[in-house]
Every structure is written in C-alpha cells, then in structure tokens.
Amino acid sequence: MGSAGVGVLVSGLLVNVYLAVVARALPPAEYATFGAFWALALVVAFGPFLPLEQELARRLALRRSRRRVLRSGAVTAGALALLALVVLLAASPLVWPSLDGHVWIFAALLALCFVSAVQFLLRGVLIGTDRLVRHGAVMVLDSLLRVAIAAVLLVVGNVGAAAFCWALVAAITLAHAPLLPAAWRRAAAQFPDAPEDVASNTPSALARAAMPLLVGSVCAQLLLNGLPVVVVAIAPDTAQAAAGVFVAAFTLAKAPLSMVVPLQSAVVPTLTRLLADGRRGEVLRLLGRGAAALAALVVVGVPAAWLVGPPIVRLIFGADYSIGGLDLAIITAGVLAHVGLVVVTQVHVARGRHVDVALSWMTGLLAAGVTFALVPGVVVAGEIAFGVGSVAGTVVSVLLLLRTHEGLPAPETERHA
C-alpha cells in the first residue's frame, strides 16, 4: 500500500507537470480544445476500465482460480474496449464541437479505447497479486514518458493540440503493453483452479459483478471530467479563452484527485481482506480518521485556494491564465468533497455492494446536472455543479454505508452465490 501510494503521488505530480508543459505550448483557446480531449480521455479510460481493475484486484486478492480470473478479465477488457469505441462513435456529434472538429484528436480518443484496456488490465493484475512496487513504478514510467514527449514537442515548437494528444496515447502504450505478458504469466502460475470456483470466475460472471461498477464509474467520470467538456462545448466563441482558463484552473485544483482516483483500486484488496476477517470495526475507524483529515483539509485548503490560488495558476500556466480566488475556492471545496465520495465508495466495492456504488455516483451526477441547468453563467455553473454533485453523492454513499454496515463481506456472499 505504501509503495502504491508513493507511485501514485509521484505519478500525479508528473501528470500535472505534463499538463503545465502543454499549457505553456498552447494559447488558452487551443488549450481549451486540449482540455476537452483530456477530460474525455479520462472518461474513456477510467469510465469503462476502472471497474475492471477494481474487480480484478478484488478477485485476485481472494487467491483462488487466478488463471480463470485472468482469462475472464482479458475477455471483459476486449468487450469493454469495443463498447467504448461504439459509444464514442455514437456520441461523436456531441463530442465533435468540444474538440473543435479536429479529426486527429478524435482519432486519439478512439485509440485510447484499446490502449486503456491494456493499461487497466495490467494494473488490476499487479494490484491483485500484491505487486504494488511494480504497479507504482509503471505509473511513474507512464507519467515520465508523457512529460518527456511533451517537452520534446515544446522544444520543437509550432505543434498543435493533436500532437500532445497522441503523446498521451504513445506514453500509455509504451509503459504498459511490454509488461503485460510477464505479469500475466507470473499471476497465472499461482493458485491453481478449484472446481468450485469455475462458475464464479467466468467472463459473464465477472461482467455481471462489474456492471454496477461500470455504471458508477461512468457517472463518476462524467461528474469529474464531463463538466469541462460541456463548458468548452457550449461557451460562445467570445468566451473560449475564458473556458480555457477554467479548464486549466480546474485541472490544477483537482490535482489531488489525479492521485486519489488511481489509488482507489489499490485499497480494495486490503479492505476486502479486513471485511473477510470480520474486522468491520477497523474499516469504520479508518473511515473516521479519513473524515477528520478531510475536514481539516477543507478548513485549510479552501481559504488557501482563495488567497494564493490565482497567482499559482498564472505562475504554472502563464500570464494569460487569470482566474478569481472565489472561483478557485469553490472548485477546491468540490474537489475535497469528491475525495470523500471516492473513499467511501471503495468500502462498498470491497463489500461487494456494487449497486450502492452506482447509486452514489448516479445521485452525484444527477445533482450536478440539475445545478448546472439552474445556475446562470457557463463557467460559474460548472464550478458550483461539481461541488453540489460531489457533496450529494457523498451524503448518499455514507447513508447507504450506515444502513448496510452489518451486511456480509463480498467474499462470503460470492462464495455461496
């Protein structure tokens, strides 16, 4: 867990360096287009494939029938890649305006459908087999490649947003694809198949178990990354520069989530084992300490964002990126509420209550959508809607956890399914 945390921390910092390099290379209006691609890329990657990573991590942590789990995971990854491709093509009339009608940027999104399948399959295997040092190293390598390729493009100069989009595709591919065969062989050699595990580890069984997680994950990514896309898509031409500034500031403010979101699958095996051993009290105490730490961050972080956030944005992204302190304070409060929602839903994942995960994120997305429709001003609506949605989802998730905390942990219920 410590190794995974260090890897995610370093990777998250490097990803933000990559985004800052891109911002330095592009004017705000063009960065708005790249920002829309970045948000859509996170939806395409995390939306369909994070549930696969989580379910693989949970099932491999049970140390039964790993060969069957791996085969089912690969089949499911392929199916999800095709599903993501079909959905992206069907949604192209909505996506196209936010990408400024750039065919090569859209092509990079299509490529990510397949690249992400390999990425999250490898990550799920590494987490579920307790290879957390390797998992952290892969994430750091991926981020280093992104920064290196973006830096080369910056030095070359006179390149558009599409080049930086394909830099992301190339970095993910180079960091993950060569390592998957060896990780697969190592995992498959452990824990031979047991006859009683066959039915629960087929591709259809894994897909059924992950389906509520898929719904929740898509809603989560739309809540976190859909709003910048909508803001860029519907902002008038005269406000495109302002939309680009919002995307840059929002990206910087949610930097903690670039560390928390990838780390969430890493905590699932630990929570699964605690719950399987009947140590629910420990889990609740961990949640209590996390809530206290999050409340302290709210007290310190929101005023800090208000006072020092605007000059930091200008320092990192350039003088053209100017935003008010109140805007950053609102975004930061929403980010911290979102962290709480991510943490609580992982307990639902570990307990096998995947429907509760879906309900939590669906509530958050619905609340954000209603708020966005009611608040005047595209940028302000995006800021407030994100916070309202994150708070609403967290409240519902906590209520579901308190209502069902005496339920059986996932391994036992699944064993008798």
Side-chain angles (χ1 to χ4, degrees), residues 2-22 34 37-54 56-57 60 70 73-74 77-78 80-81 84 105 107-154 162-187 221 225 251 255 257-266:
S3 302
V6 172
V8 169
L9 176 63
V10 175
S11 173
L13 293 173
L14 289 172
V15 165
N16 284 282
V17 172
Y18 160 72
L19 295 174
V21 170
V22 177
F34 172 82
F37 163 82
W38 176 255
L40 287 166
L42 294 175
V43 173
V44 168
F46 282 98
F49 299 106
L50 183 61
L52 173 66
E53 178 188 279
Q54 292 174 317
L56 273 177
L60 290 172
L70 290 169
L80 288 172
I105 296 180
L109 278 178
L110 297 179
L112 276 175
C113 294
F114 298 96
V115 171
S116 298
V118 175
Q119 176 188 15
F120 283 86
L121 184 61
L122 174 64
R123 284 167 46 161
V125 171
L126 293 177
I127 293 171
T129 54
D130 292 323
R131 302 192 70 193
L132 298 182
V133 174
R134 178 64 60 89
H135 172 267
V138 169
M139 294 193 67
V140 172
L141 174 62
D142 179 6
S143 301
L144 282 172
L145 287 171
R146 298 183 194 189
V147 173
I149 298 173
V152 170
L153 293 174
L154 176 64
F164 292 99
C165 298
W166 279 99
L168 175 66
V169 176
I172 295 174
T173 303
L174 292 172
H176 293 85
L179 300 178
L180 182 58
W184 180 292
R185 287 193 298 269
R186 180 186 175 96
Q221 292 308 312
N225 298 301
T251 301
L257 290 171
S258 66
M259 306 170 200
V260 173
V261 172
L263 187 61
Q264 58 186 309
S265 296

In Å and rounded to the nearest 0.5 Å, what is the [atom1] to [atom2] distance from [X] to [Y]?
X: Leu40; Y: Ile105; atom1: CG; atom2: CD1; result: 10.5 Å
X: His176; Y: Leu141; atom1: NE2; atom2: CG; result: 8.0 Å
X: Leu70; Y: Arg185; atom1: CG; atom2: CZ; result: 12.5 Å
X: Leu80; Y: Ser116; atom1: CG; atom2: OG; result: 11.0 Å
X: Leu126; Y: Leu179; atom1: CG; atom2: CG; result: 8.0 Å

Looking at every non-hydrogen atom in both residues, tell me the closest pair between [X] and [Y] and how far apart they are.
X: Tyr18; Y: Ala150; answer: CD1-CB, 3.7 Å
X: Cys113; Y: Phe49; answer: O-CZ, 3.2 Å
X: Ala57; Y: Ile127; answer: CB-CG2, 3.8 Å
X: Leu153; Y: Ala167; answer: CD1-CB, 4.3 Å
X: Ala187; Y: Val125; answer: CB-CG1, 4.0 Å
X: Leu52; Y: Gly73; answer: CD1-O, 3.8 Å

Item to check | side chain to side chain contact (heavy atoms under 4.5 Å, CB included) assessment of Phe164 paired with Phe37 | outcome: CA-CA 10 Å; Phe164 292 99; Phe37 163 82; over 6 Å; no
Item to check | Arg131 backbone acceptor or donor facing His135 side chain under 3.5 Å | outcome: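 Such a contact is absent between His135 side chain and Arg131 backbone.
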Next on the checklist: Could you walk me through whether Val169 and Leu112 satisfy the side chain to side chain contact (heavy atoms under 4.5 Å, CB included) test, starting with their C-alpha distance in whole Å, then the side-chain angles of each, then the deciding distance to 0.1 Å, before giving a yes or no?
Outcome noted: CA-CA 6 Å; Val169 176; Leu112 276 175; 3.9 Å; yes
Item to check | side chain to side chain contact (heavy atoms under 4.5 Å, CB included) evaluation trace for Val10 with Ser143 | outcome: CA-CA 9 Å; Val10 175; Ser143 301; over 6 Å; no
Item to check | Any pair counted as side chain to side chain donor-acceptor pair (under 3.5 Å), so long as it reaches residues 144-154, sequence neighbours left out | outcome: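 Sorted pair list: Asp142-Arg146.
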Item to check | Worked check of side chain to side chain contact (heavy atoms under 4.5 Å, CB included) between Glu53 and Gln119 | outcome: CA-CA 9 Å; Glu53 178 188 279; Gln119 176 188 15; over 6 Å; no
Next on the checklist: Any non-hydrogen side-chain atom of Trp38 less than 4.5 Å from a side-chain atom of Val15?
Outcome noted: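 Touching, per the 4.5 Å side-chain cut-off.
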Item to check | side-chain contact (heavy atoms from CB on, under 4.5 Å) partners for Leu180, two or more places apart | outcome: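 Partners of Leu180 by the side-chain contact (heavy atoms from CB on, under 4.5 Å) criterion, ordered by chain and then number, come out as Val118, Leu121, Leu122.
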Next on the checklist: So if I apply the side chain to side chain contact (heavy atoms under 4.5 Å, CB included) rule between Leu14 and each of Leu144, Leu145, Leu19, which one comes out positive?
Outcome noted: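 The single option meeting the side chain to side chain contact (heavy atoms under 4.5 Å, CB included) with Leu14 is Leu144.
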